[in-house]
Amino acid sequence: MGSVVVSLDAELGWGFHDLPEPPANRVESGRRGWSVMLELLDEFDVPATWAVVGHLMLESCDGVHEDHPAPPGWFDRERGAWADREDLRFGPDLVEGVLEADADHELASHTFSHVLFGDPKTDRELAAAELDRATEIAAEWGESIDSFVYPRNDVGHRDVLAEYGVSAYRGRSPTRDGVRGVFDSTIRDQSLVTTPRTDEHGLVNVPASLFLFGFEGPARTVAESIWTDPMLELARRGIDEAVRSDGVFHMWLHPNNLTSERDDQRMRSILSHLERRRSETELTVETMGEVACRIRRSREAGIDGAAGGVDGQATVSSN
Ligand SMILES: [Zn+2]
Ligand SMILES: [Zn+2]
């Protein structure tokens with residue numbers, strides 16, 4: 001029997017602060033989507049991995065970040081356009097919501113300030129500074145960081161993760177995100193279930209299976225007027241595949257993808273299908289950290305199939 005993992009890239013303004021024109025509807029939906037997801041995950045008792053941008057766990061900040069080796073201008077939006085937007089730069093109230101939820105969520109890291117690790121301009125020193133600050137703030141909260149999600153799934157500096165005690169990261173999905181993925185003829189035959197593997201640094205790669213909001217805009221509206229939501233169909237298929245396999249169906253999203261009630265409805269329908277399959281079968285829900293623990297245990301016990309090979313990761317971008 002396989003399992004299902006849900007991970008969320010929780011970032012408020014930090015997911016967009018480096019963009020010349022941050023998309024207003026996504027930026028302004030971060031808090032709303034975060035609260036809706038907390039409620040839904042509690043309602044369906046689904047423990048998820050919340051990969052939080054470390055800066056959100058601060059109470060305040062002067063925007064200087066003097067000791068941070070980020071390139072010049074990296075914190076410009078925090079100091080400038082968003083200087084009076086504390087709701088986009090901080091979210092200790094929301095992070096507390098994750099820790100106090102009924103569902104047993106995992107607090108994971110999404111860096112300190114959403115630096116892209118796979119960018120050639122991100123050197124080891126910058127990657128280490130992001131991990132250093134993120135793990136330090138977590139420790140101040142009495143939390144440790146076992147799992148890590150790369151901003152825009154841009155995998156890099158895996159050795160630095162290992163150095164800072166991280167056990168698991170979310171690797172790139174084998175299927176393409178977005179509209180092309182949904183209409184990709186190969187997706188019909190391709191499994192949505194993945195096999196977590198240990199890399200050469202001892203990290204467990206828990207690859208993404210499906211980005212739940214990769215099918216939006218006019219194409220979604222047309223498709224939904226003819227069929228049911230195609231993303232819901234894919235998610236149901238992934239959950240059903242997990243029931244029949246030993247692998248992991250790993251779906252992910254940003255809280256800020258929930259920009260309207262239609263998006264909430266998609267999540268409710270997916271979680272309700274998951275609830276049904278859990279009640280009928282032995283299907284489990286795991287956090288990324290729990291997957292890593294399980295893989296390590298079976299590896300130590302010498303069970304084949306868990307050790308896996310080395311996987312080099314390319315980069316992909318989808319926020
Ligand atoms: Zn700051
Ligand atoms: Zn992000």
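Throughout, numbering of the chain's residues begins at 1 and tracks the sequence. As the structure lists them, so they are numbered: ligands from 1, and atoms in each ligand from 1.
With respect to Asp119 and Arg152, no salt bridge is recorded, no charged nitrogen being found less than 4.0 Å from a carboxylate O. Between Glu241 and Arg237 there is a salt bridge, since at least one side-chain N of the basic residue sits less than 4.0 Å from a carboxylate O of the acidic one. With respect to Asp229 and Arg236, no salt bridge is recorded, no charged nitrogen being found less than 4.0 Å from a carboxylate O.
Rounded to the nearest 10 degrees, the angle NE2 (His65) to the Zn ion (ligand 1) to NE2 (His55) equals 110°.
Within the 2.8 Å limit, Glu78 places at least one N, O or S atom next to the Zn ion (ligand 1). Residue His254: no N/O/S atom is found under 2.8 Å from the Zn ion (ligand 2). In summary, no N, O or S atom of Asp9 is located under 2.8 Å from the Zn ion (ligand 2).
In terms of distance to the Zn ion (ligand 2), the nearest N, O or S atom of Glu11 is named OE1.
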Could you go step by step and tell me if Leu38 and His105 meet the side chain to side chain contact (heavy atoms under 4.5 Å, CB included) rule?
CA-CA 10 Å; Leu38 278 178; His105 297 307; 4.1 Å; yes
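A donor-acceptor pair under 3.5 Å is formed between the side chain of His17 and the backbone N or O of Ser113.
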